Amino acid sequence: MRMTRLLANTLRENPAEAEVVSHQLLVRGGYIRRVASGIYNLLPLMWRVTRKVEAIIRDEMDQSGAQELMMPILQPADLWEESGRLKDYGKELMRLTDRHDRACILAPTHEEVITTIARNELQSYRSLPVNLYQIQNKYRDEIRPRFGLLRGREFLMKDAYSFHASESCLDKEYDVMTQAYINIFNRCGMETVMVRSDSGAIGGSVSHEFMVLTRIAEGEQESGENEVYFCEDTNCGYAANGDRAEALLPPSEARPAYEGKATIVDTPGATSIELMQQKFKMHPELILKSLIYMADGEKPVMVLIRGDLEVEETKLKNVMNANEIWMATPEELKELSGSAKGFIGPVDLPDSIPILADESIRELKDFYVAINEIDKHMVNANWGSDVPMPQTFTDLKLARIGDICPECKSGKLQMTRGIEVGNIFKLGTKYSEVMNAKFASENGEDKPFIMGCYGIGVTRTAAAAVERYHDKFGIIWPMAIAPYHAVIIPVNTQVPEQMALAQQLYDQFTKAGIEVVMDDRDERAGVKFKDADLIGFPIRITAGKKAGEGFLECKMRDQKESKDIPVADVLAWAQQQMQEWRPFQEATREKTDADKVTSA
RNA sequence: CGGGAUGUGGCGCAGCUUGGUAGCGCACCUGCUUUGGGAGCAGGGGGCCGCAGGUUCGAAUCCUGUCAUCCCGACCA
């Protein structure tokens with residue numbers, strides 16, 4: 001490809017709307033252009049990257065025995081009615097009506113359709129297991145699309161669905177997919193960490209996410225959207241998404257500030273944990289924090305947790321089996337308890353408000369607690385005698401850096417940010433049951449399919465690579481997914497030796513199957529170098545001063561130095577570089593603690 | 001949806017307070033000079049100032065409405 005023919009207009013300045021590096025660099029490098037909020041044109045360069053990621057995915061999926069197919073994006077709403085998700089998916093589901101006023105949706109995922117395929121095509125256990133996948137656009141009407149390709153309303157996704165006659169068979173496939181995913185991301189040049197996750201709207205019991213770990217250079221916006229907690233002990237290897245991470249608390253050293261039996265004291269204006277600590281010397285670890293949350297149908301619930309801890313709302317949502325929860329507003333608080341923020345407590349609480357207790361409060365002794373009376377707290381309270389002991393305890397807290405690992409029970413937890421590029425679920429019979437998708441088992445009985453599903457954000461993976469590999473000059477593509485392997489730059493198109501040499505090499509490369517762009521623009525050298533760095537070609541070959549003597553200047557994007565190599569040897573050099581190319585060789589970031597996480 | 005902000009050639013912005021018919025940089029086109037890290041000079045093209053209404057002799061500027069975009073929260077590959 002000649003640069004003069006390539007549709008890739010680079011920009012000097014960052015577009016105002018781009019906040020994260022991948023978005024900025026992809027726009028500046030001429031890879032993508034916005035069409036509407038969360039909707040992008042993938043220009044030729046971007047499409048090449050995308051196709052490379054796809055090719056790797058196809059290869060690994062096919063090798064692991066999955067079959068590719070294609071399902072419709074436009075689907076009848078009836079199907080979603082059947083699975084119950086027309087309601088559950090909420091506003092994120094893109095809805096439309098056709099000319100006959102029939103309700104339709106644009107698919108955000110394909111469990112419904114694939115389940116009908118299984119229902120119609122798979123009659124017997126003999127045809128199981130089956131794993132079917134597709135690579136196709138998905139539509140999610142995100143409340144707030146952002147970060148360019150990292151979170152669009154339309155995005156390319158690989159989604160696979162497996163069907164099994166038994167749990168153990170699903171378990172096996174889950175492992176096969178896990179390995180395939182590790183291979184895929186490794187081949188894309190990225191380390192990933194596999195973490196336990198919340199299964200969200202897709203549903204199911206067990207699920208894991210694949211995270212590309214990001215570390216953001218100084219002055220750059222944090223772009224890893226997910227917090228990943230992991231055990232500092234690499235032998236342990238525990239890692240989990242922040243919304244699911246469990247943690248054990250380090251032993252508390254807190255001592256009560258009051259003596260004697262439980263009493264009620266005046267605490268004027270103590271509306272927050274912080275104020276209780278500052279004004280009344282109450283140690284947060286001894287405060288029983290009481291919060292009122294409202295769930296879906298405005299069902300209130302009181303959450304009890306230790307004063308120094310935060311509630312992880314995703315955990316709470318799961319426990320309550322709710323779609324939406326929020327902290328009660330001052331008005332709601334008044335109506336429910338007659339009290340106000342800071343003074344809500346489990347003592348003398350109306351029976352209509354159920355209590356959910358976090359594990360952290362189980363062992364509390366001589367604690368401080370609000371009693372639904374303004375400007376008053378009870379001190380030295382204890383379970384049973386002063387406050388009724390909650391019936392059950394669950395894990396509702398947000399893990400913290402420095403907490404104890406729940407797995408090995410000795411290591412401390414660390415946190416890093418990650419971009420979720422893949423997700424695998426054990427769905428079980430969630431969809432097959434409601435959609436009546438059954439097969440004949442060995443003894444002739446009808447049984448619902450046991451299902452798994454496995455997704456990869458294709459465009460997101462590409463963007464994550466940019467997020468992970470870049471410097472202040474531009475993108476540093478991993479060889480495997482770079483739009484082109486190499487760029488050849490004749491420094492001055494007016495100098496015949498340079499052009500001749502560049503052309504000679506270009507032909508050689510092309511013949512050898514190396515994807516190469518010849519920068520034949522009549523631009524100054526500086527412009528070409530800047531653009532080459534910005535676009536991120538892994539290999540750069542310059543025909544310059546020494547062209548007359550038959551030397552070319554060869555440089556890798558991720559390395560500083562260049563070498564002068566005689567024309568005759570350049571092809572071999574390039575081929576060697578391509579073969580030997582490994583990510584992280586000239587790391588674009590220092591090793592962080594995150595790197596110690598067992599690579600998934 | 002709640003909170004905050006912004007809409008002016010392809011991109012980045014100024015002008016708006018104090019109304020007088022639109023400007024700068026980049027990009028683009030032509031010419032000359034230049035030619036190893038985003039060149040210089042000269043010339044040129046392109047914008048119903050987001051949209052609709054109103055106030056006014058006159059609106060990018062003031063008022064009302066509306067739409068869109070972006071940032072912070074809940075959602076997610």
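Throughout, a chain's letter reflects where its sequence line sits, starting with A, and its residues are numbered from 1. Being a predicted model, the structure only gives us computed values, none of them experimental.
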Side-chain donor/acceptor pairs under 3.5 Å, residues 537-550 of chain A, sequence neighbours excluded:
unit_1, atom_1, unit_2, atom_2, d
A:K546, NZ, A:D564, OD2, 2.7

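In this entry the distance linking CG of A:L150 with C1' of B:C75 reads 16 Å, nearest Å. As rounded to whole Å, 14 Å separates atom P of B:C11 from atom CD1 of A:I32. The distance between atom CD of A:E19 and atom P of B:C72, rounded to the nearest whole Å, is 6 Å. Atom pair A:E312:CD and B:G73:P shows a separation of 14 Å (rounding to whole Å applied). In this entry the distance linking CD of A:E310 with C1' of B:G73 reads 15 Å, nearest Å.
The distance between the ring centers of A:F509 and A:W573 does not fall below 6.0 angstrom.
Judged by distance alone, with hydrogens and angles left aside, A:R540 brings a side-chain donor or acceptor within reach of the base of B:G37, the pair sitting under 3.5 Å. A:E13 contributes a side-chain N or O that forms a donor-acceptor pair with the base of B:G25 under 3.5 Å. Between the side chain of A:R146 and the base of B:C76, no donor-acceptor pair under 3.5 Å is found. Between the side chain of A:N14 and the base of B:G12 there is no donor-acceptor pair of N/O atoms closer than 3.5 Å.
B:U21 is unpaired under the Watson-Crick or G-U wobble criterion, no partner having all donor-acceptor distances under 3.5 Å. Base pairing of B:G36 is not made with any nucleotide, judged by Watson-Crick or G-U wobble geometry with both donor-acceptor distances under 3.5 Å.
The residue A:V527 sits close to a base: some heavy atom pair falls under 4.0 Å. Base engagement by A:G152 is indicated by at least one non-hydrogen atom pair under 4.0 Å involving a base atom. Across all strands shown, A:T10 has heavy atoms under 4.0 Å from base atoms, whether or not it also approaches the sugar-phosphate. As judged by a 4.0 angstrom heavy-atom cut-off over every strand, A:K545 is placed among the base-contacting residues.
Aromatic ring pairs are classed by plane angle as parallel below 30°, tilted from 30° to 60° and perpendicular above 60°; the pair A:Y40 and A:H23 is perpendicular.
Distance noted for atom C1' between B:C28 and B:G73: 42 Å (whole Å). The same atom, P, is picked in B:U69 and in B:G46; the two are 30 Å apart, to the nearest Å. Rounded to whole Å, the separation between the P atoms of B:C72 and B:A60 comes to 34 Å. Of the P atoms belonging to B:U30 and B:G23, the separation is 24 Å, rounded to the nearest Å. Spacing between B:G20 and B:G25 at atom P, rounded to whole Å, works out to 22 Å. Comparing the P positions of B:G4 and B:G54 gives an interatomic distance of 30 Å, to the nearest angstrom. To the nearest whole angstrom, the two C1' atoms, one in B:G3 and one in B:A22, are 35 Å apart. Between B:C48 and B:U33, the two P atoms lie 38 Å apart (nearest whole Å).
Taking only side-chain atoms of A:Q494, from C-beta outward, the nucleotide of B:A77, B:U35, B:G38 with the closest atom is B:U35.
Here the options are A:E19, A:E142, A:E92, the test is salt bridge (Lys or Arg N to Asp or Glu O under 4.0 Å), and the partner is A:R151; only A:E142 passes.
A salt bridge does not link A:E111 to A:K430: none of the charged nitrogens lies less than 4.0 Å from a carboxylate oxygen.
Of the two residues contacting RNA chain B, namely A:G457 and A:R33, the nearest-nucleotide position lying further toward the 5' end is that of A:R33. Nucleotides of RNA chain B nearest to A:R12 and A:S37 differ in position, and the one nearer the 5' end is that of A:R12.
Atom CD of A:E68 is surrounded by more than 12 heavy atoms from other residues, nucleotides or ligands within 6.0 Å.
Residues A:Q498 and A:N492 bring no donor and acceptor atom of their side chains to less than 3.5 Å of each other.
Stacking of the aromatic ring of A:F155 onto the base of B:A77 is found: the ring centres lie under 5.5 Å apart and the planes are inclined by under 30°.
Residue A:T109 places none of its side-chain N or O atoms closer than 4.0 Å to OP1 or OP2 of B:A77.
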